[in-house]
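Heads up, the thing below is written out as structure tokens.
All chains are named by letter (A, B, ...) in the order of the sequence lines, taking the proteins before the strands, and each is independently numbered beginning at 1. Owing to the predicted nature of the structure, the values given are computational and were not obtained by experimental measurement. Values below: every heavy atom of this structure, side chains too, minus hydrogens, waters and symmetry copies.
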Protein chains: 2
Amino acid sequence: MLTAEGRSSYNIYMLKKLRVFTPGPTPLLPSAMLAMAGADLHHRTADFRALFLKVLEDLRVFIGTKNDCVIFTSSGTGAMEAAVCNLTSPGDKVVVVTAGKFGERWKSLTTAFGCSVTLAEAPYGKTVPLDAIAAKLTSDTRALFVQATESSTGARHDVASIAKLLHEKCPDALLIVDAITGIGTTALDVDGWGIDVIIGGSQKAVMIPPGLAWCAVSEKAWLRMESAKNPRFYFDLRKERKNAKNGESAYTPGIALLVALNAAFDYIKAMGNGDLATGRNELIHNAETCAAMSRDACVALGLKLFAPGAPASAVTSVLSPEGVDSGEIVKGVRTQFGAIISNGQGEMKGQLFRLAHLGYFDYMDTIATIAALEQVLAKIGKPGHFEFGVGVKAAQECYARLASKK
Amino acid sequence: MLTAEGRSSYNIYMLKKLRVFTPGPTPLLPSAMLAMAGADLHHRTADFRALFLKVLEDLRVFIGTKNDCVIFTSSGTGAMEAAVCNLTSPGDKVVVVTAGKFGERWKSLTTAFGCSVTLAEAPYGKTVPLDAIAAKLTSDTRALFVQATESSTGARHDVASIAKLLHEKCPDALLIVDAITGIGTTALDVDGWGIDVIIGGSQKAVMIPPGLAWCAVSEKAWLRMESAKNPRFYFDLRKERKNAKNGESAYTPGIALLVALNAAFDYIKAMGNGDLATGRNELIHNAETCAAMSRDACVALGLKLFAPGAPASAVTSVLSPEGVDSGEIVKGVRTQFGAIISNGQGEMKGQLFRLAHLGYFDYMDTIATIAALEQVLAKIGKPGHFEFGVGVKAAQECYARLASKK
């Protein structure tokens, strides 16, 4: 979109194409956007039902599960709320694993629905150690809520081990995983690990605008719903599941976004030479490669990674050099080069910036972002401190190393 | 969208352009769809904030209120749920006025959130008489829920009189009006009548795809929220209001649809020579004209209107001729002429069909639909019963009569 802001920062010597390089919304897939612009379709027709059934089946493959999927017209938070209001009753003991802003959202949501919430916490940038989680689990823990990747910090939780721990200590408890930035950026063996609810959203790895959220729900979770007592209507999972069998949604769906999602799945399928699961794995590999290049570049530039212990491939959080507000870096990249990268969230605002890799990012984007970052840092920082090309070179070397492995 | 179905019913002698002529989704505004396809915008930027603040201000004018507006990324039902979960506590006595499928939705929603629900009912096709509503109001009625226009039947409630009655008998009760198909099709004096919550959605008179819902909320309702005890998180009105002051939404918004909505408001503003309220009135006048033409045409064809007593301008419900399943008519219009009109909803499926007028419909659409209807009825019905052109002529006469008045 040509924006007023774009025009006002226009430099006659150099174009600044607007690039949304954030961990959500992510860059938009052109073929999906064009499909969306022509989405004149009614939702109670055979055309729509065929589209919706195909999208639901593709979604199952994309998430990598045999469980039934449900799509809501909402932000990702809507699907998070669905997991809470469909699966808990007031007073239920639940454990929330939190190490960032989205962990805090699980806390707020479960509290809003009257759960008795125990936190297993770690500071921003860390992950919650397994023994700290184990210490909070009790025989009457009904559910555990966690992020696969905490987008606010760029840390990745070890969902496989958390699942194992939970199933051993609390076999009846449900495992609910916010994988909004995890799906399509990290391998998640949903059924093998026993994830009861896994949650995703449209403005992430699938490269389309925000407005759809989804989850895949295990049989154990469907059963829990029979007795869960919190009120739900719009986010009623069982109602949506029932309607989805016939290719419909309970309420008027975000038709245009579903058309876009269908086009995006076709694109990912093409990445996998006709196989969507293979394409999804390539997409994960792509994010991992962009992330590895970015990490190496930042380290070469003498910058500190914020979550070096367990870095996610969705997004890399980088600490701002001492004495520099990260907002200044974000602003510099944007006003000089037109690319929007993200500041820290929550308590980390001003202290770090985030480079995104999920969805429609490629080698060229990654290299260009690193170069822009060098340019901005050189202008802000002490002279000579940020030598041009040092980060780019490290990223190139990383790419060559990874490419030779494949 | 070129669909498989479109292709399979292709007739080499005549094109069948796909036309979504339903009361929601409604026909899409091309300029809004093109804007949407280019909606690469991040929601935590000055560009977005400027857009969102403009859209919120335009929305206020479009709805015709001084009250603060909130936009959710959801179907219209989401905003209905917001009215219930933000404004009621379990056990609250509420009155639901119901005369169709969407009245029943108020019943389901208020029941899901634990209200003590009293129904003021009328059969499908009728409106609930004022004295029947009065009989259900008690001194401890906390809220009344009603549809401005019941889209499932095409009937219009007399909201002004219901408001007067409620304010006289229960001065503390809140008046909550689902105007999802009412806004932009019928005059609603929100502040003058004292509507505490009025609800609308994107796939209706504003001519864009589904995925956004909104409401305007009175000070009295904001105050009630302070003490209302039902759980809410995603649909938390106060949180959205607070964020909206800064041009933001609490959760990632349906950015592409907001860009489309902005373009649609620009179009409606242009209808009013730069004034959005005037444009909205023209849009209402447009729907009224299409509706009057359609009613006259149906009557001239010997068809019975389903809600002749209080017809809405959003949609006209027409009873199928005796012995004819209305699905056959809907199917005929679609397969022969590519236009999707609606069947009856709920218990009226098979008994009536619905002609829509809300949003991006014009004279040409209305006339063409009537002609197509004649063509289909002639094929289905007894020979000679449906003479070609009788309905069209009546619509033309209606138009000429109304045009001469203006």
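Counting heavy-atom pairs under 4.5 Å between each of B:Q203, B:E81, B:H43, B:M80 and chain A puts B:E81 at the top. Most heavy-atom pairs under 4.5 Å with chain A: of the set B:I340, B:T22, B:L109, this distinction falls to B:L109. Looking only at heavy-atom pairs under 4.5 Å with chain A, the residue among B:M36, B:M33, B:H42, B:R19 that has the most is B:H42. When B:A37, B:A32, B:G211 are compared by the number of non-hydrogen pairs under 4.5 Å with chain A, B:A37 comes out ahead. Annotation: maximal heavy-atom pairing with chain B below 4.5 Å, among A:A256, A:P25, A:A213, A:G78, occurs at A:P25. Ranked by heavy-atom pairs under 4.5 Å with chain A, the list B:P209, B:G254, B:S74 is led by B:S74.
Proximity to chain A (any heavy atom under 4.5 Å) is shown, for B:I255, by both the backbone and the side chain. Looking at B:P27, there are no atoms closer than 4.5 Å to chain A (heavy atoms on both sides), in backbone or side chain. When heavy atoms are compared at a cutoff of 4.5 Å, B:P210 approaches chain A by way of both its backbone and its side chain. For B:L28, the part lying near chain A is the side chain, with the backbone staying farther off; criterion is any non-hydrogen pair under 4.5 Å. Using a 4.5 Å cut-off between heavy atoms, B:S108 contacts chain A through both its backbone and its side chain. Proximity to chain A involves both the backbone and the side chain of B:R105, based on heavy atoms less than 4.5 angstrom apart. Contacts of B:A250 with chain A are made by backbone atoms alone, with heavy-atom separations under 4.5 Å and no side-chain atom involved.
Nearest heavy atoms, A:S75 versus B:Y251: OG-CB, 3.7 Å. Closest approach of A:L41 and B:V20 over heavy atoms only: N-CG2, 3.8 Å.
In this structure, the side chains of B:V84 and A:F233 stay at 4.5 Å or more apart for every pair of heavy atoms. In this structure, the side chains of B:P231 and A:C85 stay at 4.5 Å or more apart for every pair of heavy atoms. Using a 4.5 Å heavy-atom cutoff, the side chains of A:T45 and B:R334 are in contact.
The line from OG of B:S342 to CZ of A:R44 is 10.5 Å long, rounded to the nearest 0.5 Å. Separating the CZ atom in B:F113 from the CG atom in A:N230 is a distance of 9.0 Å, to the nearest 0.5 Å. Taken to the nearest 0.5 Å, the CG atom of A:D236 stands 12.0 Å off from the OG1 atom of B:T77.
Ring geometry for A:Y234 against B:F235 counts as perpendicular: the plane angle is over 60°, on a 0 to 90° scale with 30° as the lower cut.
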List the steps, then state whether side-chain contact (heavy atoms from CB on, under 4.5 Å) holds for B:L18 with A:D40. CA-CA 8 Å; B:L18 178 69; A:D40 52 352; 4.2 Å; yes

